[in-house]
Amino acid sequence: MMTLESLKPFFFPKGWTLGTMVMFISFMLGGGYYLVLEMGGTHLAYVHLLYIPIVLAGLLFSVWGGVIAGLVAGLLMGPIMPADIELSIEQPHASWILRALIFAVVGGLSGLGASLFRAYLHELELKRTTDPLSGLLNLTGLKIWYQNYLKTHKPTAMIVIVAELSHMGKIDRALGTDGTSRLIHYTSRQLQNMIDGKSIIANLQTNRFAIIIPHQTDAAEVLKSCESLSSQTYTLNGIPIFIEMRFGVAIYPHDDNDLNELLRKARIALDKGQKEVKRFTHYDKSTDQNPERNLLILNRLTEAIENKALKLAYQPKIAMGSHKTIGVEALVRWEDPVLGFVPPNEFIPLTEETQLINPFTKWLLEESLAQMERWHAQGYPISVAVNFSMKNFNDAGVLSTLDTLLEKHQIPKKKFEIEVTETSVATNIKSVAAILAKLRSKGIKIAIDDFGTGQSTHQYLYELPLDVIKVDQLFTRDITTNPAAAAIVRSAITLGHELQLEVVAEGIETQEQFDLIRLWGCDVGQGYFMSRPLFADDLTTWLETHSVKKKKPGA
Ligand code: C2E
Ligand code: CA
Ligand code: CA
């Protein structure tokens, strides 16, 4: 907000108070008085020097400041000041009264000009620091508040919250943009009514707010108000809308000193809370992906893909009946000279957020198909499965690359499998189904990976063209200890068979688990109990003793 304090630097050295400024103007008026007197009266032009303090007073103290300074100057140049001292000529009353009035009008006008200018600056500042829809501070405003607050208060602890209004997509589709705007406006007002004074609220994005609680003693009350807002209903056009909010929390200075970082960390906590369906989630360092490490990973990975420094490990898939290896799953491995071993779960999601996914996919297909051809040429007719997320299809060229490679490497297409995870297909099931259908029409097999962990498991079976389901290792791991896990695996096997699908159980680690899964009629098993993922040469050795059947090369 534009205040007298913030205008001061334009006119006065820093540190001057209001009192100092009044004294300065008075000094100039007094100085003007003595100058006119010493020079011999008001008939000379020196009298006009008084406009300087008058205009300055108007600029600093607005209309009334200017008018008062004008009247004071008028009086100083008034009845007791002669027109000419040497000739002893008095001023006519009308002359000094008119001058005083002109002084007052000039002071008033300069004050008015300054007020209008200040109002304009204030308007600009408001636009820069507030969100037009909610009327709350925006990020810039919040940053200014934060810097000023730290300078003036030196707090020992503050709570920084990022709050998000959930289901905006659905609300927007159901009620339109106008409805969404009204809901956001209502939520902002409620937040202000409930916690203003005890906290600073800002609107960061349409449905995302930042709340800073400067005093820890207010925290319980503010959090309670946030909680109660989250269970309110807002009626729009007669339709009750449930306001659902989630909150990510970071603490100053425990989690960071910098506002950007605190907001980022609160945001990470919020994302975690969304996944875990928790209303309040505190930032947890262990789940934070360090942005600097991410950048380093992306940098090094670009080089690794170019230099073909990535490798594929292959984990055997065993037919539960015959104990023979009927296929392998290709799992990427990356040992970087600087970063050391980086697990695929850490770097694959990063490639998926960047263009790197395209060269990576190309490399994955080239490498796995070339190796598959080698094994087939050696007489091991095993299937090879690669992992894909829907992001792999971002590049329209992927399908044609696949065609070219399938053509180049003489391998039976039905032995090539693509595993897609349930969570990666969740976004747009219709377009996923179309892509998978295209792949299947080429003869490629499709497996749904991590089966049972998604939110619409049965819908996927219903809508996606599939050949294989891979029951998630989360369930396999617990089948001997948790009856629910056992029931899930058993029913997945039955369901898969009803739908004529091959069922694979992954994550088999013990003989006991192996025996049970075999008993339940599962087709294929995969897990450390049988073999860990092996590099190509070791897998070839493994195949010598565990493969289904060794044909003569070229047969
Ligand atoms: P996933 O597709 O579910 O792969 C199975 C993961 O479980 C592999 O971990 C494998 O090493 C591990 N695993 C296999 N058997 C057992 C077992 O008996 N016990 C336990 N505890 N774990 C077992 P990995 O190689 O670390 O891969 C993790 C995930 O990374 C994979 O999960 C997959 O989603 C992803 N990933 C790996 N390679 C690629 C790839 O080339 N492309 C894509 N898009 N994702 C990949
Ligand atoms: Ca997989
Ligand atoms: Ca899996």
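None of these values were measured; they are calculated from a predicted model. Every number for a ligand or one of its atoms is a count from 1 in the order of the listing.
- Gly507 counts as a contact of ligand 1, since one of its heavy atoms falls under 4.0 Å from the ligand.
- The proximity of Asp449 to ligand 1, defined as any non-hydrogen pair under 4.0 Å, is limited to the side chain.
- The Ca ion (ligand 2) is closest to atom OE2 of Glu329 (considering only N, O or S atoms).
- In this structure, Lys311 satisfies the cation-pi test against Phe535, with its NZ or CZ atom closer than 6.0 Å to the six-membered ring centre and inside 45 degrees of the ring normal.
- Proximity of the aromatic rings of Trp334 and Phe341 is defined here by a centroid distance below 6.0 angstrom, and this criterion is not met.
- At a heavy-atom distance under 4.0 Å, only side-chain atoms of Asp450, from C-beta outward, approach ligand 1.
- The residue from Phe388, Tyr528, Trp334 that puts a heavy atom closest to atom 23 (C) of ligand 1 is Tyr528.
- Ring-plane geometry between Tyr186 and Tyr234 is classed as parallel, the angle between the planes falling under 30 degrees on a 0 to 90 degree scale with a further cut at 60.
- Looking at Glu329 next to ligand 1, an N or O pair under 3.5 Å apart turns up.
- Side chain of Gln526 to backbone of Ala505: no donor-acceptor contact under 3.5 angstrom is found.
- Only the side chain of Arg333 comes within 4.0 Å of ligand 1, counting heavy atoms alone; its backbone N, CA, C and O stay farther away.
- Nearest protein heavy-atom contact of atom 24 (P) of ligand 1 is Pro344 CG, 3.8 Å.
- Ligand 1 places these atoms under 4.0 Å from at least one heavy atom of Gln315: 14 (C), 15 (N).
- Salt-bridge check for Glu346 with Arg293: passed, with a basic side-chain N closer than 4.0 Å to an acidic carboxylate O.
- A salt bridge is defined here as a Lys NZ or Arg NE, NH1 or NH2 lying under 4.0 Å from an Asp or Glu carboxylate O, and Lys470 with Glu329 meets this definition.
- The closest approach between any non-hydrogen atom of Arg532 and ligand 1 is not below 4.0 Å.
- Proximity of atom 9 (O) of ligand 1 to the protein is not indicated, since no non-hydrogen protein atom lies closer than 4.0 angstrom.
- Salt bridge annotation for Arg246-Glu164: absent, with no cationic side-chain nitrogen under 4.0 angstrom from a carboxylate oxygen.
- Centroid-to-centroid, the aromatic rings of Trp375 and Tyr314 come within less than 6.0 Å.
- Atom 32 (O) of ligand 1 is not flagged as protein-proximal [any protein heavy atom, distance under 4.0 Å].
- One of the N, O or S atoms belonging to Glu419 lies under 3.0 Å away from the Ca ion (ligand 2).
- In this structure, Leu364 has a heavy atom closer than 4.0 Å to ligand 1.
- Residue Gln473 has at least one nitrogen or oxygen atom sitting less than 3.5 Å from a nitrogen or oxygen atom of ligand 1, judged on distance alone.
- We find that Glu419 and Lys317 are joined by a salt bridge, their nearest charged nitrogen and carboxylate oxygen being less than 4.0 Å apart.
- The contact set between ligand 1 and Pro533, taken as ligand atoms under 4.0 Å from a residue heavy atom, comprises 11 (O).
- A salt bridge links Lys265 with Asp256: the closest approach of a Lys/Arg side-chain nitrogen to an acidic carboxylate oxygen falls below 4.0 angstrom.
- The only member of Lys414, Lys445, Arg440 that meets side-chain hydrogen bond (donor to acceptor under 3.5 Å, both in side chains) when paired with Asp467 is Arg440.
- The pair Lys430-Glu463 meets the salt-bridge criterion, with a side-chain N (NZ, NE, NH1 or NH2) lying under 4.0 Å from an Asp/Glu carboxylate O.
- With distances taken over non-hydrogen atoms, the option nearest atom 39 (C) of ligand 1 out of Leu312, Thr510, Val332, Leu474 is Val332.
- No heavy atom of Lys470 sits closer than 4.0 Å to any atom of ligand 1.
- At least one N or O atom of Asn345 sits closer than 3.5 Å to an N or O atom of ligand 1.
- Taking backbone and side-chain atoms together, Thr421 has no N/O/S atom less than 3.0 Å away from the Ca ion (ligand 2).
- Sorting the N, O or S atoms of Glu506 by how far they are from the Ca ion (ligand 3) puts OE2 first.
- Using a 4.0 Å cut-off between charged side-chain N and carboxylate O, Arg264 and Glu261 make a salt bridge.
- Distances between N or O atoms of Glu509 and those of ligand 1 include at least one value under 3.5 Å.
- Not a single heavy atom of Phe529 sits under 4.0 Å from any atom of ligand 1.
- Atoms OD1 of Asp449 and OD1 of Asp450, as seen from the Ca ion (ligand 3), are separated by an angle of 90°, to the nearest 10°.
- Remark: ligand 1 and Ala330 share no N or O pair separated by less than 3.5 Å (distance only, no angle test).
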Open item on the list: For His282 and Phe247: C-alpha separation, side-chain torsions, deciding distance, then whether ring-ring contact (aromatic ring centres under 6.0 Å, His included) applies.
Closed with: CA-CA 9 Å; His282 184 265; Phe247 305 86; over 10 Å; no
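- Taking a cutoff of 4.0 Å between a charged side-chain nitrogen and a carboxylate oxygen, Arg279 and Glu244 do not qualify as a salt bridge.
- Looking at Asn387 next to ligand 1, an N or O pair under 3.5 Å apart turns up.
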